[in-house]
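Every value quoted in this text rests on a predicted model; they were computed, and no experiment measured them. For reference, positions follow the sequence shown, starting with 1.
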Amino acid sequence: MGYNPFSLEGKTILVTGASSGIGKQIAIECSRMGATIIATARNQERLQQTLDDLEAGPNHQMVLADLTLQSDIESLVDECPAINGIALCSGMGLTLPMQFATREKMDDVFNTNFFAPFELLRLLYKKKKIQKQGAVVVLSSLGGTQIFSGSNGIYGASKAALSSAMMFCAKEFAPRKVRVNCICPGMVDTPLIHRGTVSDEQLKENEKLYPLGRYGKPEDIAFAAVYLLSDAASWVTGQSLVLDGGISIR
């Protein structure tokens, strides 16, 4: 390969939520840039499909784990070799008015979107599984930070907490030269937005609001993750990269 500051050759990248959507695409694009991938998620069949779709490499592996379970997080950390980067992509959505936001529902979303990725990152760093000059990419959202659409309060709050924790981690991890950044997408066309809480007609109308005329694609987010995981971003930490087709400036 010729000169390419975005190359991930020689790097091992852990990708959570790798069985579908943005996580899967990040795993694929990182493999195309030369990385060895450790893909983790809960669904074995879909995770195997991700592994099959990766650019050929002798050392790619998958690890089944439910990150809402402390035992699975600890097992994943123990199994994980030394890594150069991690993309924290696992998460869930919930559309629900705040008046119906019971503690049980909030716990469910926060456990998946905030506590699980934060606990995994905490243990990986504490046990020095992330190599010096490594990189962490956290998949956050515009929801809860710049856009406050109705009935997305629980989801938005969980992502806002994640964005805040990222900045603290960036500051505390800096002595080891480990960079930590967020990607904050607008709406991305993944299975998450087609879960039935909003009709296809409503989605099409909402899509027209985007200045660039479309929702994002998983590739749009994956290319940004490649940048943040690569040495091209070696002076970037504690930042939230907004990828939203212009919706936040509309």
query = How would you list all residue pairs meeting ring pair (Phe, Tyr, Trp, His ring centres under 6.0 Å) that involve residues 165-185, not counting sequence neighbours?
reply =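 Matches after skipping sequence neighbours: Tyr125-Phe173.
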inquiry  = Give me each pair satisfying ring pair (Phe, Tyr, Trp, His ring centres under 6.0 Å) with a member in residues 217-245, each pair once, sequence neighbours excluded.
reply    =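 Of all non-adjacent pairs touching residues 217-245, none passes ring pair (Phe, Tyr, Trp, His ring centres under 6.0 Å).
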Minimal non-hydrogen separation, [X] against [Y], with atom names:
X	Y	answer
Gly238	Asn181	N-OD1, 3.2 Å
Tyr155	Ser158	O-OG, 2.6 Å
Gly23	Val15	O-CG1, 3.4 Å
Ile26	Ala87	CG2-CB, 4.0 Å
Ala82	Gln131	CB-NE2, 3.3 Å
Ile130	Gly134	CG2-CA, 4.3 Å

Partners of [X] by ring-ring contact (aromatic ring centres under 6.0 Å, His included), sequence neighbours excluded?
X	value
Phe110	none
Phe118	Phe114
Phe115	none

request  = Any chance you could lay out the side chain to side chain contact (heavy atoms under 4.5 Å, CB included) test for Cys184 and Leu241, step after step, and finish with the verdict?
outcome  = CA-CA 6 Å; Cys184 295; Leu241 179 58; over 6 Å; no
Compare all side-chain heavy atoms of [X] with those of [Y] and state whether any distance is below 4.5 angstrom.
X	Y	value
Ser20	Thr190	no
Thr36	Ile13	no
Leu14	Thr40	yes
Ile38	Val63	yes
Val188	Pro218	yes
Arg176	Lys128	yes
Asp108	Met92	yes
Ile73	Leu76	no

Would you find a donor on one side and an acceptor on the other, under 3.5 Å apart, between the side chain of [X] and the backbone of [Y]?
X	Y	result
Asn43	Arg46	yes
Ser90	Gly17	no
Asn84	Thr12	yes
His60	Ile37	yes
Thr112	Val109	no
Lys127	Val77	no
Lys159	Leu139	yes
Tyr210	Gly186	no
Glu207	Tyr215	yes
Ser164	Ala160	no

Regarding [X] and [Y], do their side chains bring together a donor and an acceptor under 3.5 Å, going by distance alone?
X	Y	answer
Ser140	Ser163	yes
Gln44	Gln48	no
Glu45	Gln49	no
Gln202	Ser199	yes

With rounding to the nearest 0.5 Å, note down the distance linking [atom1] in [X] to [atom2] in [Y].
X	Y	atom1	atom2	result
Ser230	Met33	OG	CE	7.5 Å
Leu54	Met62	CG	CE	11.0 Å
Leu51	Lys24	CG	NZ	11.0 Å
Lys217	Asp189	NZ	CG	9.5 Å
Met167	Thr237	CE	OG1	11.5 Å

Joint cluster assignment, [X] & [Y], ILVMFWY side-chain distance < 4.5 Å:
X	Y	value
Leu123	Leu69	no
Phe100	Met106	yes
Phe6	Ile221	yes
Leu212	Leu142	no

task = Return the set of residues passing side-chain hydrogen bond (donor to acceptor under 3.5 Å, both in side chains) with Ser248 (not counting sequence neighbours), or none when no residue passes.
result =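 Partners of Ser248 by the side-chain hydrogen bond (donor to acceptor under 3.5 Å, both in side chains) criterion, ordered by chain and then number, come out as Asp244.
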Does the pair [X]/[Y] count as a salt bridge with the N-to-O cut at 4.0 Å?
X	Y	answer
Arg103	Asp107	yes
Arg122	Glu119	yes
Arg42	Asp72	no
Asp231	Arg179	no

request  = Decide yes or no on side chain to side chain contact (heavy atoms under 4.5 Å, CB included) for Glu29 and Leu8, but give the supporting numbers first.
outcome  = CA-CA 10 Å; Glu29 297 301 337; Leu8 298 177; over 6 Å; no
query = Above 12 or not: heavy atoms from other molecules or residues under 6.0 Å from CD of Gln70?
reply =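 Atom CD in Gln70 is packed in, count exceeds 12.
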query = Step by step, would you call Leu229 with Lys11 a side chain to side chain contact (heavy atoms under 4.5 Å, CB included)?
reply = CA-CA 9 Å; Leu229 291 165; Lys11 296 184 185 296; over 6 Å; no
key: Worked verdict on Cys182 versus Leu162 for side chain to side chain contact (heavy atoms under 4.5 Å, CB included)   = CA-CA 9 Å; Cys182 277; Leu162 199 58; 5.6 Å; no
